J.: 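One structure, pasted below without further comment.
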Amino acid sequence: MTEKTQFTSQSALAQGAPLSHVHPDNEKESLIPPVYNSTTYLRDEDNQYRSGRVYSRADNPTYRAPESLLMELEQAADARLFSSGMAAATAVFLALKPGDEVIAPTIMYWALRNWLHTFGQDMGLKVRFVDTHKPGHVEQALNDRPARLVWLETPGNPLWTVSDIAAITEACQQHGAMLAVDSTVATPLLTNPLTLGADIVMHSATKYLNGHSDVISGALACREDNAFWQRIVKLRAQNGCVPGPNDAAQLLRGMRTLFLRVRESCQSAQWLAEQLQHNKHIKQVLYPGLPDFDGHQVAVKQMQNGFGGMLSIRVNGGPEHAIRTAAKTHLWKRATSLGGVESLIEHRASIEGEGTPVPDDLLRLSVGIENAADLLHDLEQALAND
Ligand SMILES: *Cc1c(COP(=O)(O)O)cnc(C)c1O
């Protein structure tokens with residue numbers, strides 16, 4: 001990045017320090033950086049663009065603060081905002097070439113799985129879906145046939161499968177594959193994939209980074225600013241998949257409370273998962289923080305400060321009971337998406353549709369920052385009241 005804004009260190013942020021150390025980057029000494037709504041920038045008299053700014057389809061100074069903060073949080077060499085999480089994720093795949101081999105998880109964000117199945121394959125990518133959360137499966141797949149890129153999502157939607165980033169990094173390095181990780185659910189406060197060896201980390205900034213269900217945005221950050229990264233940067237500029245400057249400013253506002261929101265969501269999710277295990281209407285609670293969860297040991301190694309704010313429950317009585325339960329909650333709002341301050345409940349199979357690997361008795365829960373006891377009580381009455 002040409003200009004860099006200074007922020008508090010990651011540890012200061014992780015301790016909850018507000019981002020009041022954002023360097024005022026304008027001559028007015030404003031505490032909060034200004035929003036640049038301009039689409040275009042003045043050329044110098046001698047026909048140069050010394051400001052480095054030309055046109056806002058490529059970049060906008062308003063992005064600098066949230067991008068620098070993400071770099072700091074992910075210990076990244078560079079970071080870029082995108083117009084959505086999907087725009088960020090697909091930029092990685094669009095930067096590949098026809099014929100390139102890709103390995104992606106069987107359990108992953110459904111819209112991206114769909115995109116890989118359709119547009120990804122149409123553009124000539126050879127996509128293999130592998131149980132990346134099972135030890136050795138990625139290595140086996142790479143042994144079978146090399147790949148250019150391995151994509152992980154951990155914890156993976158909506159079963160919260162945990163993939164071992166460090167182990168998979170090793171396999172990728174041995175086989176010359178790049179590794180990219182969708183870390184939306186982990187947030188930069190629980191896992192830093194780049195420090196574990198991943199090449200690229202992706203976030204749907206729509207979720208925890210913004211945290212208030214009022215901005216669609218995405219981000220990528222890289223461990224090394226290399227040729228592949230520059231290809232992604234160029235692709236963003238030429239495809240114009242950039243957020244509006246006001247959205248970027250609103251995203252920064254959300255990121256300033258990331259630590260507080262994620263800490264609260266993690267604590268409540270852990271407690272709710274433990275409580276719900278004893279509910280007679282529930283046959284399984286899926287949460288990486290539970291000792292008997294399949295990926296718990298890897299999660300303990302890979303996640304710090306908590307196991308995330310997302311859990312799923314499988315209810316007795318099949319899809320009818322699941323849908324009826326979601327219909328009877330008051331505090332939990334029936335909506336898709338995750339990572340906002342308000343708790344959401346969703347019958348996941350209904351939104352994923354035909355061919356989904358998600359069990360039809362599963363409810364996905366995004367734990368917000370409401371009182372945890374109130375959340376439990378609301379869910380208990382909804383589960384019982386049939
Ligand atoms: C929401 C989400 C995405 C897509 O992000 P958008 O901002 O909705 O485009 C990708 N991955 C995960 C894990 C998500 O939750």
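Order of appearance sets the numbers: ligands from 1, and atoms from 1 within every ligand. Bear in mind that the values here come from a model prediction, so they are computed numbers and not experimental data.
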J.: Do Asn305 and Phe259 have side chains that get closer than 4.5 Å, going by heavy atoms?
T.: no
J.: Should you measure from each heavy atom of Leu338, which atoms of ligand 1 turn up under 4.0 Å away?
T.: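 Those qualifying, in numeric order: 15 (O).
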J.: What do we get for Leu112 next to ligand 1 when only non-hydrogen atoms under 4.0 Å count, side chain, backbone, both or neither?
T.: neither
J.: Can you tell me which residue and heavy atom of the protein come closest to atom 9 (O) of ligand 1, and the distance to 0.1 Å?
T.: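 Its nearest protein heavy-atom neighbour is Met86 N, 2.8 Å.
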J.: Report the nearest protein non-hydrogen atom to atom 7 (O) of ligand 1: residue, atom name, distance rounded to 0.1 Å.
T.: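 Nearest neighbour among protein heavy atoms for atom 7 (O) of ligand 1, to 0.1 Å: Thr206 OG1, 2.6 Å.
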J.: To which protein heavy atom is atom 8 (O) of ligand 1 closest, and what is the distance rounded to 0.1 Å?
T.: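 Closest protein heavy atom to atom 8 (O) of ligand 1: Tyr109 OH, 3.9 Å.
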J.: Taking only heavy atoms of Asn157 into account, list the atoms of ligand 1 that are under 4.0 Å away from them.
T.: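 Going through ligand 1 atom by atom, the ones under 4.0 Å from Asn157 are 13 (C), 15 (O).
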J.: Check the pair Gln230, Asn226 against side-chain hydrogen bond (donor to acceptor under 3.5 Å, both in side chains), reporting the backbone distance first and the verdict last.
T.: CA-CA 6 Å; Gln230 281 308 316; Asn226 55 23; over 6 Å; no
J.: Name the one of His347, Glu352, Arg348 that satisfies side chain to side chain donor-acceptor pair (under 3.5 Å) with Ser350?
T.: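 Checked His347, Glu352, Arg348 against Ser350; only one passes side chain to side chain donor-acceptor pair (under 3.5 Å): His347.
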J.: For Asp294, look at atom CG and say whether over 12 heavy atoms of other residues, nucleotides or ligands are found less than 6.0 Å away.
T.: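 Incorrect, the count does not exceed 12.
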J.: Looking at Gly85, which atoms of ligand 1 are within less than 4.0 Å of one of its heavy atoms?
T.: 5 (O), 6 (P), 7 (O), 9 (O)
J.: One pair to check against ring-ring contact (aromatic ring centres under 6.0 Å, His included): Phe129 and His117. What are the steps and the verdict?
T.: CA-CA 10 Å; Phe129 293 92; His117 264 304; 4.7 Å; yes
J.: From the options Thr154, Asp182, Thr184, select the one whose nearest heavy atom is closest to atom 11 (N) of ligand 1.
T.: Asp182
J.: Near Ser84, which atoms of ligand 1 are under 4.0 Å from a heavy atom of that residue?
T.: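 Under 4.0 Å from Ser84, ligand 1 has these atoms: 7 (O), 9 (O).
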J.: Could you find the nearest protein heavy atom to atom 5 (O) of ligand 1 and give me its residue, atom name and distance?
T.: Ser204 OG, 2.9 Å
J.: May I ask you to identify, for Ser217, whether its side chain, its backbone, both or neither come under 4.0 Å of ligand 1 on a heavy-atom basis?
T.: backbone
J.: So, do Pro158 and Leu362 sit near enough that their side-chain heavy atoms are less than 4.5 Å apart?
T.: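 A side-chain contact exists here, since the closest heavy-atom pair is under 4.5 Å.
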J.: With rounding to the nearest 0.5 Å, note down the distance linking CG in Asp182 to CG in Leu112.
T.: 7.0 Å
J.: Do Leu363 and Ile323 come close enough that some side-chain heavy atom pair is under 4.5 Å?
T.: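 When only atoms from C-beta onward are counted, Ile323 and Leu363 do not touch, as no gap falls below 4.5 Å.
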J.: Report the member of Met202, Glu153, Lys207 with the shortest heavy-atom distance to atom 14 (C) of ligand 1.
T.: Lys207
